[in-house]
S.K.: 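If you scroll down you'll find the structure; I have some questions about it.
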2 protein chains.
Amino acid sequence: MNIQRLRYLREIARRNLNLTAAAQALHTSQPGVSRQIIELEEELGIQIFVRKGRRLVDITEPGQRVLEITNRLLFELDNLSQVAAEHENEAIGTLIIGTTHTQARYKLPNILQQFRQDYPRVTIKIKQGTPEQIAHWLREGQADLGMASESLHGAQGLSSKAWYQWSHVVVTPSDHLLQQRFSTRPQDIKLEDIAAFPLLTYDTAFAGRTEINHAFAQKGLSPEVAISALDADVIKTYIRARMGVGLLAQMAYDPQTDSGLVAISCAHLFSPRTAYLAIANRRIQRSYVYALLDLAIGKAEVLDLRAQALAQ
Amino acid sequence: MNIQRLRYLREIARRNLNLTAAAQALHTSQPGVSRQIIELEEELGIQIFVRKGRRLVDITEPGQRVLEITNRLLFELDNLSQVAAEHENEAIGTLIIGTTHTQARYKLPNILQQFRQDYPRVTIKIKQGTPEQIAHWLREGQADLGMASESLHGAQGLSSKAWYQWSHVVVTPSDHLLQQRFSTRPQDIKLEDIAAFPLLTYDTAFAGRTEINHAFAQKGLSPEVAISALDADVIKTYIRARMGVGLLAQMAYDPQTDSGLVAISCAHLFSPRTAYLAIANRRIQRSYVYALLDLAIGKAEVLDLRAQALAQ
DNA sequence: CTTGCTTACGAGACTCGTAATAATT
DNA sequence: AATTATTACGAGTCTCGTAAGCAAG
């Protein structure tokens, strides 16, 4: 048995059964990959791929089981490299953070600034995606550390810790009607008041958008969502263009930089959201991963998270 | 990276750092193993073994971590072979049962008789040991299926199901004083009555021996254990020799075959024991492993156990 | 006729076993 | 002296890249 074959298998699966693309990604030749896969199938006595003529069109059922085991095996192989890298030099390497726009844009900068001072030779890669994608990257070893909403918590194969809580704010132009009515007593604002205007808010799957929908639905309201976008910067542009009122994460509003816009807290309208930090179970982490976590949640919590992830 | 190197590493660790013994066990040459290990250390940049001159005398701390990951990796490699073997022919293979003497001698025969009829081409290996050893074998992939007392239940890395309950019996020669006093009203027998005689019972770590000690201790009794042995057959021999009264698992006494001996139930003196069946988490099992489990605890329980083990 | 997988072939690397060497017990 | 690990060396195998072939969309 040869590990290279398993690497090829995993890459082909990742590239939607495109052997050519896999070969390129692995910086090797197409025929080499082809032959290794055929030999792997012969060695195991299992047809892994369904072929149509000379194309790979599907994975067989036993092939699927082989793939799952292969992924776990290569995961452990990655762990070996991690131990080696750690031993080599604990302050050099790469740190891949899987996160959503909201965290990357508003919460991470401070932390990363500090982190860069402590570990100047660690290359940081921020990989943005949905919480589901982030969970997937963590499990596959394609990200070291995840930062996102509740859905990370309790996700299969991950261990997580609460990071901080936040709530939503209504953001409007300074001279907007809502602002005139509620600036002095924001606690009086109701969902009905907001629903009277077109909404500008996050895409589903982000920043508590599900939660927003849910809160309105419970009151029997179905506000018009004029525009939904991945990130607050885009949304703010449309707020300025007076296309509706924004419903953003509180972190996304800064009175200093967001001149011309004002925010009205609506913590009482939507249940508070929690952001979570997560790492993959059984994954050997470089020491600086824990150092970064330390900056976010403190030593005690990090130790607990670590124990949790390794015990699984 | 080469899997062979990892196999060598595991085997050396298993053979108490004796490289020569490892090479023999792997049917290969000593120099080959030596060189592969050195190259593995170079490749990882990690000193795995502590050497004293030319002997391996210890595993370094990073080496220990490497070893743990290696074991998990090879475990997944075994899983690959299992899938392949299963695909090859699901009715041929080897089944290794880790069990204690009591189960192997008194409870397994019926089940295995049936199993052999269903799977005549499966070679069964019964590997006897303490529950702790059995748990270790299961985790290491050196046994497929474990059968033993409570300590299997909840052991790290295993999933288990209750199999059956049993209690202890006092076994004496037919004309023994205890027999004369309690044969008609066994419910009246007390720990004090038993403790008056030298005891013949199981070695610690077996068949509820801990439980026996505990029950006596609670009453402030410390009976003389004349002889302790691994198995009931040995103990019965000494009962016949009138060296004391036996305290055995109920399964171990059969009025038919144990002529000259009689048993007095003492279920009311010791809390009932439960025997458990266990398999390793995340281990891919040959189908006949589940077939054997089915004979013991039925389909529904087996499905549950399987789901439990694979979900971890 | 372009994309994509497989077959053919030869160069180079790697693994492994035997024999010899060196360090402990 | 016996046991045990490392070094040296050569045969055999395996892997991989290039070039050519063949099958689908």
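FYI, side chains are in, hydrogens and waters are out, and symmetry mates aren't considered; it's all heavy atoms of this structure. Bear in mind that the values here come from a model prediction, so they are computed numbers and not experimental data. Order of the sequence lines sets the chain letters (A, B, ...), proteins ahead of strands, with each chain counted from 1.
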S.K.: If you restrict it to nitrogen or oxygen atoms, what contacts under 3.5 Å exist between nucleotides 22-25 of chain D and the protein, and what is each distance?
M.R.:
from, atom 1, to, atom 2, distance (Å)
D:dA24, N3, A:R55, NH2, 3.2

S.K.: Quick one, which residues of residues 4-13 of chain A touch DNA chain D with a heavy atom under 4.0 Å?
M.R.: A:Q4, A:R5, A:Y8

S.K.: Relative to B:F75, does B:R282 satisfy both conditions: NZ or CZ under 6.0 angstrom from the six-membered ring centre, and within 45 degrees of the ring's axis?
M.R.: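 No, cation not above the ring by the 6.0 Å, 45° rule.
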
S.K.: Give me the residues of residues 15-31 of chain B where at least one heavy atom lies under 4.0 Å from an atom of DNA chain C, by number, or none.
M.R.: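 Residues of residues 15-31 of chain B that come under 4.0 Å of DNA chain C are, in numerical order, B:T28, B:S29, B:P31.
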
S.K.: Would you list the pairs meeting side chain to side chain donor-acceptor pair (under 3.5 Å) in which at least one residue belongs to residues 41-51 of chain B, sequence neighbours left out?
M.R.: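 Checked against side chain to side chain donor-acceptor pair (under 3.5 Å) - neighbours excluded - the pairs reaching residues 41-51 of chain B are B:R5-B:E43, B:E41-B:R51.
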
S.K.: Flag the pair A:Q156 / A:R139 as yes when at least one side-chain heavy-atom distance between them is below 4.5 Å, and no otherwise.
M.R.: yes

S.K.: Using distance alone, with no hydrogens and no angle criterion, decide if B:T99 and B:Q128 have a side-chain donor and acceptor under 3.5 Å apart.
M.R.: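 B:T99 vs B:Q128: no donor-acceptor pair found between side chains.
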
S.K.: Shoot me the first and last contacting nucleotide of DNA chain C against chain A, ordered 5' to 3', at under 4.0 angstrom to non-hydrogen atoms.
M.R.: C:dT3 to C:dA8

S.K.: For a 4.5 angstrom cut-off between non-hydrogen side-chain atoms, does A:F206 reach A:T102?
M.R.: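 Side chain of A:F206 against side chain of A:T102, heavy atoms only: no contact under 4.5 Å found.
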
S.K.: Can you find a heavy atom in the side chain of A:D233 that is under 4.5 Å from one in the side chain of A:R105?
M.R.: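 A side-chain contact exists here, since the closest heavy-atom pair is under 4.5 Å.
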
S.K.: Contact between A:E132 and A:H136 at the side-chain level, heavy atoms closer than 4.5 Å - yes or no?
M.R.: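 Side chain of A:E132 against side chain of A:H136, heavy atoms only: no contact under 4.5 Å found.
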
S.K.: Are the side chain of A:T60 and the backbone of A:I48 linked by a donor-acceptor contact shorter than 3.5 Å?
M.R.: yes

S.K.: Given A:Q285, which of A:L293, A:L310, A:D144 fulfils the side-chain contact (heavy atoms from CB on, under 4.5 Å) condition?
M.R.: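 Testing A:Q285 for a side-chain contact (heavy atoms from CB on, under 4.5 Å) against A:L293, A:L310, A:D144 leaves exactly one candidate, A:D144.
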
S.K.: Is it true that B:D58 and B:K52 make a salt bridge, defined as a side-chain N closer than 4.0 Å to a carboxylate O?
M.R.: no

S.K.: Below 4.0 angstrom, N of the basic side chain to O of the carboxylate: do B:R65 and B:E61 qualify?
M.R.: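 The answer is yes: the pair qualifies as a salt bridge.
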
S.K.: With a 3.5 Å distance limit and no angle check, can you tell me whether A:E11 reaches the backbone of A:Y8 through a side-chain donor-acceptor pair?
M.R.: no

S.K.: Is any side-chain heavy atom of A:L95 closer than 4.5 Å to a side-chain heavy atom of A:T123?
M.R.: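 Not touching, per the 4.5 Å side-chain cut-off.
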
S.K.: Report yes if some heavy atom in the side chain of B:H87 is under 4.5 Å from a heavy atom in the side chain of A:L44; otherwise report no.
M.R.: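 B:H87 does not reach A:L44 side chain to side chain.
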
S.K.: For residues A:T70 and B:E76, determine if any side-chain heavy atom of one lies less than 4.5 Å from a side-chain heavy atom of the other.
M.R.: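 No, side chains not in contact.
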
S.K.: Considering only heavy atoms, which members of residues 33-45 of chain B lie under 4.0 Å from some atom of DNA chain C?
M.R.: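 Within residues 33-45 of chain B, the residues near DNA chain C are B:R35, B:Q36, B:E39.
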
